[in-house]
Peer 1: 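Right, I'll just put the structure down here and ask away after.
All residue numbers refer to positions in the sequence shown, counting from 1. The analysis underlying the following values was restricted to heavy atoms, covering all of them including side chains, and did not include hydrogens, waters or symmetry mates. Start at 1 and go down the list; that is how both ligands and their atoms are numbered.
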Amino acid sequence: MVKTPKFANEKVFAWVDKWNKVCTPDKIVVVKGTKKEHIAICEMMVKNGQFIKLNPKKRPECYLARSHESDVARVEGRTFICSQREIDAGPTNHWMDPEEMKKLMLASYKGCMKGRTMYVIPFAMGPIGNPITQYGIEITDSPYVVVNMDIMTRTGDAVLKHLGKDGDFIPCIHSVGAPLKKGEKDVAWPCAKNIEDKFITQFPEERQIWSFGSGYGGNALLGKKCFALRIASKIAKDEGWMAEHMLILTLTSPKRKQYHLTAAFPSACGKTNLAMMLPKLKGWRLQTIGDDIAWLKPGTDGRLYAINPENGFFGVAPGTSNDSNPNALKSCRQGTIFTNVVLTPDGDIWWEDMGVKAPAEGTDWKGNPCYVCKDDPFRMGPRPGMTKKEIKESGYVAAHKNSRFTAPAENCPVLDKDGFNGLYKGKPTGVPIDAILFGGRRPSTIPLVNEAKNWTHGVFMGSAAGSEVTAAVISDQIGQVRRDPMAMLPFFGYNVCDYFQHWLEIERTSVDATKLPRIYFVNWFRKGKDGRFLWPGFGDNSRVLKWICQRIEGQVRANVTPIGNLPLLNDIDLSNNEGKFKVIPEDLREILKVDKDGWKKEIVTVGASYDEYDAKASKDSPVRSTTARRVPRALRQVLSEVTIALSK
Ligand code: GTP
Ligand code: SPV
Ligand code: MN
């Protein structure tokens, strides 16, 4: 066994020592968090065949990784909330008794790092020293995880220094689950190939994270979904704040008034795009604070203040283009890790809908050759000379649908540096939030934008959110609409009904509830009968954000309907309506209507999701001891009010 290194913090030492004994690595490296170290690990991975170095003239300090085919997205079926009692994990989570889970996983971890290096990553979720920031120690045997964590979080010595002798942190253990025999050569993407051998486990009471068998994204970069959402949502509930799957942005009006908005959309439903959007409306300026996670705390004035706990973007590559999201493309110009995209012959990268012509030949995400399509220079196929139709029918994509870039936030040309550093008017409070948006991919029924009548109605809207399942998760239900309350379905660290109650408590316990953000529901994804999008989206979404700001200022009236407050047709600013994508006025009329029949069905399925949550609670604890175990009465009340209003 190798010797456990010394740490000033006894708890850090104990965590590392424990796993050193279990995992028996060949070597232990404590991550310093310097650029030199980052590059050295990347270059070592190039030597080992785990990274491809991209052309430094085109993409300085950028690398490409190709994952194993079994390891391309989050695995919700293998994700567990192991609270002491099943009821505390709630009806939406997979649960197992914590002691049983530990026994099971310890057997997997035994000797799992043989032949490998154990890295110890001290990391911060949030700017180091900010009062909202929390800290973690991730142990991992994946150098890919180390360099991705370097980008996605603040890592290294500065964190250990901040922790001092007895600072607290969230202990995290991760292994790809692929020990090496003596002399055995490593593969390009080590992982446990059987899905049943992968575990993504949260222990919410102990505040620990154990992950095994996957090296990809939210399964392995434990600061992100496991910590900043699942564990943090539980801490937030206990302490009276909120950990949400939300982007944060700063919007400045032509009159220079600043607004801060957050938006919760499910995975691959447009957070990164909205967070960096280039407004089509002249005079409006948008800046990015975060693109995936927000931690919100009630301030002494009753407002909610938000920070982005992350330090980089783990963004969906396909679809990212100069037309859709130029600022994301610019964020990938250097120091970026690409995973599962196409490699071009000149050492650059390519993906579907990048808005860049495909090279004649390239290498697809599986490492196989791919070729430009015969009749569409923006597509690639697995054989030379294929037509667009042939490629489409084969279902082939050259870049995986959930291929991603890991880019440093500091690369973003429109980063709101103060907000990103947790500062507002020089103080480390985070930024005060004016509006919270919910949304999802809904081809029908849900209008372009809908304002909640009050906080409780807004919580209802969030609880009723639904979306088509995307490739961000390994699932056989991609494309089907599922309920995804607050875009948190895969990320609740506790019982969803308690989570709803917690949202309601935020208002009840507020020192000044009139200062809470207004709540809106948006849908950029309405489709016509012909399958075409009825709204151009992207930069045109600024038209909706302007309306929201005008509502906040009381400058425009609304169409008060049974489902909420909708814009009057003429209040959506259609200036500068030109370019590749345009708003078509008839379509706009369509997506601002209340589709009564559609809504009657919608509301029934919302009720059915509530019933499902309640049924599970009844099964687990037949005695109705606390209402918090069930969908809160206040939300049932809104449901019946909307139902009655729709029937009139
Ligand atoms: P995660 O990183 O998985 O949480 O995803 P995300 O919510 O950040 O989604 P992202 O912004 O990466 O967008 C995912 C996909 O949605 C991309 O293919 C985008 O092109 C597409 N998309 C984003 N915004 C819009 C929009 O306004 N309209 C349309 N039609 N598509 C959009
Ligand atoms: C998501 O799925 O919401 C993501 C990607 O942001 S992952 O980090 O893999 O969860
Ligand atoms: Mn996300």
Side-chain angles (χ1 to χ4, degrees), residues 67 71-76 79 145 148-149 152-153 200 211 214-230 244-247 249 263-278 280 288 290-294 310 312-325 327-329 331 339-340 351-355 397 399 401-407 437 439-443 448 467-475 484 487-491 522-527 531-545 581 583:
S67 78
D71 208 25
V72 292
R74 282 184 292 101
V75 281
E76 292 180 6
T79 301
V145 165
N148 274 270
M149 284 291 283
M152 293 306 297
T153 72
I200 319 298
S211 168
S214 165
Y216 203 90
N219 296 337
L221 314 176
L222 302 185
K224 199 172 176 55
K225 301 299 158 93
C226 303
F227 179 169
L229 289 177
R230 299 195 188 100
E244 302 295 336
H245 193 202
M246 291 175 177
L247 66 90
L249 63 83
F265 307 153
S267 302
C269 289
K271 287 182 301 303
T272 303
N273 277 269
L274 188 65
M276 305 177 186
M277 180 253 279
L278 209 62
K280 198 91 169 268
T288 314
D291 81 326
D292 200 50
I293 299 173
E310 299 192 280
F313 311 119
F314 186 59
V316 178
T320 305
S321 74
N322 250 328
D323 285 323
S324 66
N325 194 350
N327 289 321
L329 268 193
S331 302
T339 308
N340 290 344
W351 50 71
E352 274 81 7
D353 298 313
M354 193 189 201
V397 284
K401 282 219 164 79
N402 192 42
S403 57
R404 300 227 171 209
F405 53 81
T406 316
L437 280 56
R441 275 175 195 267
R442 295 300 302 273
L448 177 64
S467 189
E468 291 177 328
V469 178
T470 66
V473 49
I474 295 177
S475 168
D484 188 348
M488 281 286 282
L489 182 70
F491 311 121
V522 299
N523 180 18
W524 316 141
F525 299 93
R526 272 290 283 278
K527 283 184 177 166
R532 133 195 97 82
F533 284 115
L534 297 180
W535 176 253
F538 305 104
D540 284 278
N541 295 334
S542 58
R543 306 182 192 284
V544 173
L545 301 191
F581 307 105
V583 180

Peer 1: Taking heavy atoms and a distance under 4.0 Å, where does Cys269 meet ligand 1: side chain, backbone, both or neither?
Peer 2: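 The answer is the backbone of Cys269.
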
Peer 1: Within the 4.0 Å heavy-atom shell around Pro266, which atoms of ligand 1 are there?
Peer 2: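 It comes down to these atoms of ligand 1: 7 (O).
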
Peer 1: To the nearest 10 degrees, could you say what angle the Mn ion (ligand 3) makes with NE2 of His245 and NZ of Lys225?
Peer 2: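 Rounding to the nearest 10 degrees gives 80°.
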
Peer 1: Nearest heavy atom to atom 18 (O) of ligand 1: which of Pro318, Ala328, Gly537 does it belong to?
Peer 2: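 Shortest heavy-atom distance from atom 18 (O) of ligand 1: Pro318.
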
Peer 1: Taking N or O atoms only and a 3.5 Å limit, does Lys271 qualify as a polar contact for ligand 2?
Peer 2: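 No: no nitrogen or oxygen of Lys271 is under 3.5 Å from one in ligand 2.
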
Peer 1: Taking heavy atoms and a distance under 4.0 Å, where does Tyr216 meet ligand 2: side chain, backbone, both or neither?
Peer 2: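 For Tyr216, there is no contact with ligand 2 at all, from either part.
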
Peer 1: What do you reckon, does Arg441 have a nitrogen or oxygen under 3.5 Å from a nitrogen or oxygen of ligand 1?
Peer 2: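 Among all N and O atoms of Arg441, at least one is under 3.5 Å from an N or O of ligand 1.
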
Peer 1: What atom name does the N, O or S atom of Asp292 nearest to the Mn ion (ligand 3) carry?
Peer 2: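 This residue's closest N, O or S atom turns out to be OD1.
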
Peer 1: Would Phe525 count as a polar contact of ligand 1, with the cut-off being nitrogen or oxygen pairs under 3.5 Å?
Peer 2: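 Such a contact does not occur with ligand 1.
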
Peer 1: For ligand 2, indicate whether the residue Asn219 contacts it via side chain, backbone, both or neither (heavy-atom separation under 4.0 Å).
Peer 2: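 Neither part.
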
Peer 1: Looking only at heavy atoms, is any part of Arg404 under 4.0 Å from ligand 1, and if so is it the side chain, the backbone, or both, or is it neither?
Peer 2: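 For Arg404, the contact with ligand 1 is made by the side chain alone.
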
Peer 1: Can you tell which of Asn325, Asp291, Leu545 makes a side-chain contact (heavy atoms from CB on, under 4.5 Å) with Leu274?
Peer 2: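 Answer after filtering Asn325, Asp291, Leu545: Leu545.
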
Peer 1: Do the side-chain N and O atoms of Asn541 and Trp535 include a donor-acceptor pair separated by under 3.5 angstrom?
Peer 2: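 Yes, Trp535 and Asn541 have a side-chain donor paired with an acceptor closer than 3.5 Å.
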
Peer 1: Should you measure from each heavy atom of Lys224, which atoms of ligand 2 turn up under 4.0 Å away?
Peer 2: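 Under 4.0 Å from Lys224, ligand 2 has these atoms: 6 (O), 8 (O).
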
Peer 1: How does Asn541 reach ligand 1, if at all, at less than 4.0 Å between non-hydrogen atoms: by side chain, backbone, both, or neither?
Peer 2: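 Within the 4.0 Å criterion, Asn541 contacts ligand 1 through side-chain atoms alone.
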
Peer 1: Considering only protein heavy atoms, which is closest to atom 7 (S) of ligand 2, and at what distance to one decimal place?
Peer 2: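 Looking only at protein heavy atoms, the one closest to atom 7 (S) of ligand 2 is Gly218 N, 3.5 Å.
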
Peer 1: Tell me which protein heavy atom sits closest to atom 2 (O) of ligand 2, plus the residue, atom name and distance to 0.1 Å.
Peer 2: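 Here the closest protein heavy atom is Ser267 OG, 2.8 Å.
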
Peer 1: Find the distance between CG (Asn340) and OH (Tyr216) and round it off to the nearest 0.5 Å.
Peer 2: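 Those atoms lie 5.0 Å apart.
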
Peer 1: Applying a 4.0 Å heavy-atom criterion (strictly less than), which segment of Met246 is in contact with ligand 1: side chain, backbone, both, or neither?
Peer 2: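 For Met246, no heavy atom sits under 4.0 Å from ligand 1.
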
Peer 1: Using modelled atom types and a 3.5 Å cut-off, is there a donor and acceptor pairing between side-chain atoms of Asn219 and backbone atoms of Ala73?
Peer 2: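 Present.
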
Peer 1: Under 3.5 Å between some N or O of ligand 1 and some N or O of Asn273?
Peer 2: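 Yes - when backbone and side-chain N and O of Asn273 are compared with those of ligand 1, one distance drops under 3.5 Å.
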
Peer 1: Would you call Ala268 a ligand 1 contact, heavy-atom distance under 4.0 Å?
Peer 2: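 Yes, Ala268 has heavy atoms under 4.0 Å from ligand 1.
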
Peer 1: Going by the angle between their ring planes, with limits at 30° and 60°, are Phe538 and Phe581 parallel, tilted or perpendicular?
Peer 2: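 Tilted: the ring planes of Phe538 and Phe581 meet at 30° to 60°.
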
Peer 1: Where on Phe533 is there a heavy atom closer than 4.0 Å to ligand 1, on the side chain, on the backbone, on both, or on neither?
Peer 2: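 Looking at Phe533 and ligand 1, just side chain atoms fall under 4.0 Å.
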
Peer 1: Mind checking whether Pro536 has an N or O less than 3.5 Å away from an N or O of ligand 1?
Peer 2: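 No, Pro536 has no N/O under 3.5 Å of an N/O on ligand 1.
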
Peer 1: Kindly confirm or rule out an N or O of Asp292 lying under 3.5 angstrom from an N or O of ligand 1.
Peer 2: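 Between Asp292 and ligand 1, an N or O pair is found under 3.5 Å apart.
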
Peer 1: Looking only at protein heavy atoms, identify the closest one to atom 4 (C) of ligand 2 and say how far it is in Å.
Peer 2: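 I find the closest protein heavy atom is Lys225 NZ, 2.9 Å.
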
Peer 1: Looking at ligand 1, does any of its N/O atoms fall within less than 3.5 Å of an N/O of Phe265?
Peer 2: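 No, since none of the N or O atoms of Phe265 sits under 3.5 Å from an N or O of ligand 1.
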
